[in-house]
Amino acid sequence: MPELPEVETIKNELSPAIVGQSFTQVDILDTKLVSGGSPERVRRGLIGQKIERLERRGKYLIFCLSNDRSLIIHLRMTGVLLLNPADIDRYARAVFALSNGQRFVFRDRRRLGVIWLVGDAASVVGKLGPEPLDKRFTAHVLGQRLGRHHIPIKAALLDQSIVAGVGNMYADEALFAARIHPLAKADELSSEEVRALHNRIRKVLRAAIDGKGASVDSYIRPEGELGTAHFSFKVAHRGGEPCPVCGGTVERVVVQNRGTYFCPRCQPLRRKHVRPRGK
DNA sequence: CTTGGGACCTGGCTGC
DNA sequence: TGCAGCCAGGTCCCAA
């Protein structure tokens, strides 16, 4: 499941091979891959264009082209970008060949991924909330944005317009580390809880980038290696296992139709407007 | 306006 | 052994 750390890893590992190269051939094998335009228009729009740089915004990967247009890729659930794979299997949805003889393949078992070719990247990523690893993302900014929503904090973290890039796994990990119950209301967190959550979101994401992403389900890196971030998960996808902090049992509940893992003992549901004693 | 729930998609798992 | 049925979750869309 590519979230911010996985997309960041793909960006970092793909960049050296493709930045500065031009598209020489583009084969879009699945017509449903392209959003808002025909595959043929995308193919013609890409060929001859140079990739000036590769950027990430939230979970979106942005190829900035020499004509100032952008190829934008969202991998959704099972999408991966493979550099020079040995074979093009039945899950390949597009093949991009470059002027240095390399090629990269968009492979996507569940076919939920999407690509765009646009003049204005903001038309695709413009509604995203702040980048959680950006200096400008402060605890104050997080608190302000959460304060506008009377929804479970887990749902708020999954809302890309509140904070960009956090998905199901890292939302659970950040809430566990901040000791906040996933059903606590976003606008009812104390300032201490907001500060803890802000801090833990950033720590969890940075650690996962250091681990080159989490290889649960189908995520693999461009050259085929696995990430290791999932080995550090404390609650995500660990329902029924002992909590590594208190030894209690990690529980699974459904929040916003998403499997949500947490430790009821470490993350008690505080009654609203009741502040913890002490401090 | 906000919030919640279903659709999309298919491999893999469960249970009969 | 075969297979129906369900689950996984990022995002869009629609309804209340």
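A, B, ... follow the sequence lines: proteins, then strands. Residue 1 opens every chain. A quick note: this is a predicted structure, and the numbers were derived from the prediction, not measured.
- A salt bridge links A/Arg238 with A/Glu241; the closest basic N to acidic carboxylate O contact falls under 4.0 Å.
- Residue contacts shown for A/Gln256 are absent, as no nucleic acid heavy atom lies under 4.0 Å away.
- Straight-line distance from the CG atom of A/Asp159 to the P atom of C/dC12: 11 Å, rounded to whole Å.
- The pair A/Arg53-A/Glu55 meets the salt-bridge criterion, since a charged nitrogen lies less than 4.0 angstrom from a carboxylate oxygen.
- If you run side-chain hydrogen bond (donor to acceptor under 3.5 Å, both in side chains) between A/Asn168 and each of A/Lys154, A/Arg258, A/Glu3, only A/Lys154 comes through.
- Distances shorter than 4.0 Å separate some side-chain N or O of A/His237 from OP1 or OP2 on C/dG9.
- When rounded to the nearest whole Å, the span between CZ of A/Arg110 and P of B/dG12 equals 11 Å.
- Residue contacts for A/Arg258: at a heavy-atom cut-off of 4.0 Å it reaches a base atom on one of the strands shown.
- For A/Arg90, whose side chain is taken as the heavy atoms from C-beta onward, the closest listed nucleotide among B/dG6, B/dG11, C/dG10 is B/dG11.
- Of the two residues contacting DNA chain B, namely A/Tyr91 and A/Arg76, the nearest-nucleotide position lying further toward the 5' end is that of A/Arg76.
- Of the candidates B/dG12, C/dG10, B/dT3, B/dT3 carries the atom nearest the A/His150 side chain, counting heavy atoms from C-beta on.
- As rounded to whole Å, 15 Å separates atom P of C/dG10 from atom OH of A/Tyr219.
- Straight-line distance from the CE atom of A/Met77 to the C1' atom of B/dG11: 12 Å, rounded to whole Å.
- A/Phe176 approaches A/Val235 most closely through the heavy-atom pair CD1-CG1, 3.5 Å.
- Rounded to a whole Å, the CD1 atom of A/Ile151 is 9 Å from the C1' atom of B/dT2.
- OP1 and OP2 of C/dT11 both lie 4.0 Å or more from every side-chain N or O belonging to A/Lys127.
- Atom P of nucleotide B/dC8 and atom CG of A/Leu33 are separated by 18 Å, given to the nearest angstrom.
- Counting any heavy atom pair closer than 4.0 Å across all strands shown, A/Arg93 reaches no nucleic acid atom.
- What separates CZ of A/Arg111 from C1' of B/dC8 is a distance of 11 Å, to the nearest Å.
- Side-chain nitrogen and oxygen atoms of A/His149 include at least one within less than 4.0 Å of the OP1 or OP2 phosphate oxygen of B/dT3.
- Salt-bridge annotation for A/Glu131 and A/Arg57: present, with a side-chain N of the basic residue lying under 4.0 Å from a carboxylate O of the acidic one.
- For C/dG9, the OP1/OP2 oxygens have a side-chain nitrogen or oxygen of A/Asn168 closer than 4.0 Å.
- The distance between atom NE2 of A/His74 and atom P of C/dC12, rounded to the nearest whole Å, is 8 Å.
- Base engagement by A/Leu112 is indicated by at least one non-hydrogen atom pair under 4.0 Å involving a base atom.
- Of the side-chain N and O atoms in A/Gln160, none sit less than 4.0 angstrom from OP1 or OP2 of C/dG10.
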